[in-house]
Amino acid sequence: MTFLAPFAAIAAVSIPAIVLLYFLKVRRPESDFSSTLLWRRAVLDRQANAPWQRLRVSRLLILQLLAALLLVGALVRPALAITGGLSGHTVVIVDTSATMSATDISPSRFEDARRQVRDLLDRVGSGQRVTLIEMGPRPRIAAAATGDMGPLRTALAALRPSNGSAALQQALALAASAGGTAVDTRVLLFSDGITQPVPAATSLPYPFEYHKVGLSGENLAITSLVLHPEPGVRTAFVRVENLGRQKQHADVEWRVDGRLVDARALDIDGAGARDVSFALPAGADKVSATLRGADALAADNVAYGVATQPRTLRVTLVTAGNIFVQRALELRPDLRVTVVAPADYKFDSQVDLYVFDGLVPAVQPATPSWYLNPPLGKFGAGKQAGVGRPRASRPDDPLMRDVDLREVHIARSADLRTSTFGGRALIESDGGPLVLVRDEPTRAVLFGFDLHSSDLPLRTGFPVLVDHLSSDLLPVSVGPRAYHPDEPVLLAAAAGSTGVTVTRPDGHAVKVATAGGAPAAFDDTDTPGFYAVEQRGTAGVARSTFAVNAGGSASTIGPRERIELVSGRRQAAPSAGRDFSELWPWLAAAVLLVLTVEWLVFHHGD
């Protein structure tokens, strides 16, 4: 046992003072009476209080001395040293993803996690440090290693749940970096365990503890909203899923450009789903569907969609039969792809994008173009040679976001090290660049290899790469599809414009810089709703709209019992710092109890 305030023991002088009071003579007024027979008790009391007489032990004296002893014990603050889950350096990770807003725990999972962390900070002892990490879509260190509870509590109070997912792998990387080489570091994760997938098992060099937050997986959500605005098929479809086990009732309301146009009542069994549709009125632009009913997560009760027919862009694919590129381009609803044999190629000024597979025309079009597997000598390309492992030239390049090249193999590629194509390398290997991207004199992309000599088209990142490249080559608008919270949207300025302005659902306008016409990733998409995109150029003002929806995979809110792919080493040696459990509150309560008993004894006679 340790005394945290030993100098407070000076208050023990009150104990002999109490005893001394029982030796003092009580001064009473004098009166004359004919007999003392009726005042025997008064005489006895007078004799008992005579100075220097033997002390008469009473229940009041014992209770008062006990109260004094307990009070002195509380003042010196006795405490027991405990382990309490803390180390010399404790790294605390707090989940701030969308599912932490669930209200299956009152008031929410996030508030319960914050309460647990506050309780943990109350137990931080002398010599101990704490690092606080916020685990959202982009994890960050909210408070670096410190033993000062003031900044830690301020940083904890400033945390807010987001509408995005939890990037567990990046948060663990931050934790490993913050922990350094200390042998007394411990990592604590406060989360419901619903995070972005961890590609491979992660082992931390410190002890790791997962503190589960959350109780139930009951949730009703809009998981998809699909619009068909074509003439004759103007219909909107919404899918409502019951992701829990209990039967749920809800009302679905449809709004077009802010006006209520329809409502339906739904009863959905546990683990069931219902598809609801309604006709889109003429001129519909912004469509939303809303669930009315109480459930654990409110963010996925609304879905947004853009019904305006996107401007159709003409794409000509000149190839002898490259089905991979054709299928990937056709995934964009605003592209109309025409396939032409090399012998039938003729330049058409109305075409918005040309894709040349295996040839380079004698006169290159002044139109955005994509060249695949150029013939020897074209653009200064050298002979075909073997290729090592491909990789992104810049890991943070917006065109390579969500494009994983780790399992991609390329057999052969033209030597582009001496290419006259210009621009910058997008994908490279140890043998030099494999893909070049340029903005001047016209936007263009050059692939030095034949897609048929690689397994790139068989990977899930290929259609993503094609979407990014086509958006870069044709930056006149944003596709009408809906995005997820914090998902980046690729934006680029059209010819003659200097940038793009995006107006968020809250009305805040954000200027997106696109230096030199290069694309920029706009990732300030945390808030669900409609985002308006505007750019001014020599051809006028180009406007488009995209939507951000919180529903989908984030609607499955059942907390995980454990996190399988994360482990830490066994507990290290005991911490140099100490954690204490103080006993003074119990002693103070005992003092109040003893004083209450003393008061009762005094009023009922000793």
Side-chain angles (χ1 to χ4, degrees), residues 85-87 89-102 108-118 120-121 129-146 151-182 185-214 395-396 401-402 404 484-488 523-526 550 553-554 556-557 559-569:
L86 294 175
S87 298
H89 183 196
T90 303
V91 180
V92 178
I93 304 175
V94 180
D95 189 346
T96 59
S97 62
T99 56
M100 293 294 286
S101 297
S108 69
R109 293 181 181 179
F110 175 74
E111 291 299 335
D112 185 69
R114 184 150 57 181
R115 177 192 58 77
Q116 294 186 49
V117 175
R118 280 198 300 263
L120 182 138
L121 296 181
R129 297 170 296 132
V130 176
T131 293
L132 182 64
I133 295 179
E134 175 186 1
M135 185 177 71
R138 291 180 290 273
R140 66 180 184 90
I141 296 179
T146 179
L152 282 168
R153 294 185 188 280
T154 300
L156 180 63
L159 297 184
R160 296 291 183 273
S162 69
N163 290 302
S165 56
L168 176 60
Q169 189 173 33
Q170 291 90 324
L172 294 177
L174 279 179
S177 175
T181 58
T185 297
R186 178 189 292 269
V187 178
L188 306 180
L189 171 62
F190 294 84
S191 168
D192 55 13
I194 305 172
T195 67
Q196 295 178 11
V198 179
T202 301
S203 180
L204 292 173
Y206 323 111
F208 172 78
E209 294 179 12
Y210 164 53
H211 295 258
K212 185 188 78 169
V213 181
D396 60 342
R401 193 183 292 266
D402 297 324
D404 190 354
H484 298 298
D486 290 290
E487 181 181 358
D523 56 6
D524 190 11
T525 56
D526 175 73
S553 58
T556 303
I557 64 172
R560 308 289 189 265
E561 292 298 327
R562 61 185 61 85
I563 298 179
E564 301 287 353
L565 295 178
V566 180
S567 62
R569 66 175 176 80

Heavy-atom closest pair, residues [X] and [Y]:
| X | Y | result |
| --- | --- | --- |
| Ser165 | Gln196 | OG-NE2, 2.9 Å |
| Ile141 | Ala178 | CD1-CB, 4.4 Å |
| Arg401 | Pro488 | CD-CG, 2.6 Å |
| Thr525 | His484 | OG1-O, 4.1 Å |
| Ala155 | Ala143 | CB-CB, 4.0 Å |
| Ala167 | Met135 | O-CG, 3.9 Å |

**Request:** Could I get the full list of salt bridge (Lys or Arg N to Asp or Glu O under 4.0 Å) partners for Asp486, not counting sequence neighbours?
**Result:**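 Salt bridge (Lys or Arg N to Asp or Glu O under 4.0 Å) list for Asp486, sorted by chain: Arg138.
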What distance do [X] atom [atom1] and [Y] atom [atom2] have between them, rounded to the nearest 0.5 Å?
| X | Y | atom1 | atom2 | value |
| --- | --- | --- | --- | --- |
| Asp524 | Asp526 | CG | CG | 7.5 Å |
| Arg109 | Asp95 | CZ | CG | 9.5 Å |
| His211 | Asp112 | NE2 | CG | 12.5 Å |
| Ser97 | Ile557 | OG | CD1 | 11.0 Å |
| Glu134 | Arg140 | CD | CZ | 4.5 Å |
| Phe110 | Thr96 | CZ | OG1 | 7.0 Å |

**Message:** Just so I know, are the side chains of Ser162 and Pro137 near enough to count as touching, which here means a heavy-atom distance under 4.5 Å?
**Reply:**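 They are in contact (side-chain heavy atoms under 4.5 Å apart), so the answer is yes.
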**Prompt:** Do Ile93 and Leu172 have side-chain heavy atoms sitting under 4.5 Å apart?
**Reply:**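 Sidechains of Leu172 and Ile93: in contact.
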**Asked** Is there a donor-acceptor contact under 3.5 Å from the side chain of Arg114 to the main chain of Leu156?
**Response**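 Checked: pair present.
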**Message:** Whether the side chain of Tyr206 engages the backbone of Val91 through a donor-acceptor N/O pair (distance < 3.5 Å, no angle test) should be reported.
**Reply:**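 Not at all, since once roles are kept as given, no pair shorter than 3.5 Å links the two residues.
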**Message:** If we check side-chain contact (heavy atoms from CB on, under 4.5 Å) with Val130, which of these qualifies: Leu121, Thr146, Leu188?
**Reply:**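 Single pass found, and it is Leu121.
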**Item:** side-chain contact (heavy atoms from CB on, under 4.5 Å) between Leu152 and Val92, worked out
**Value:** CA-CA 11 Å; Leu152 282 168; Val92 178; over 6 Å; no
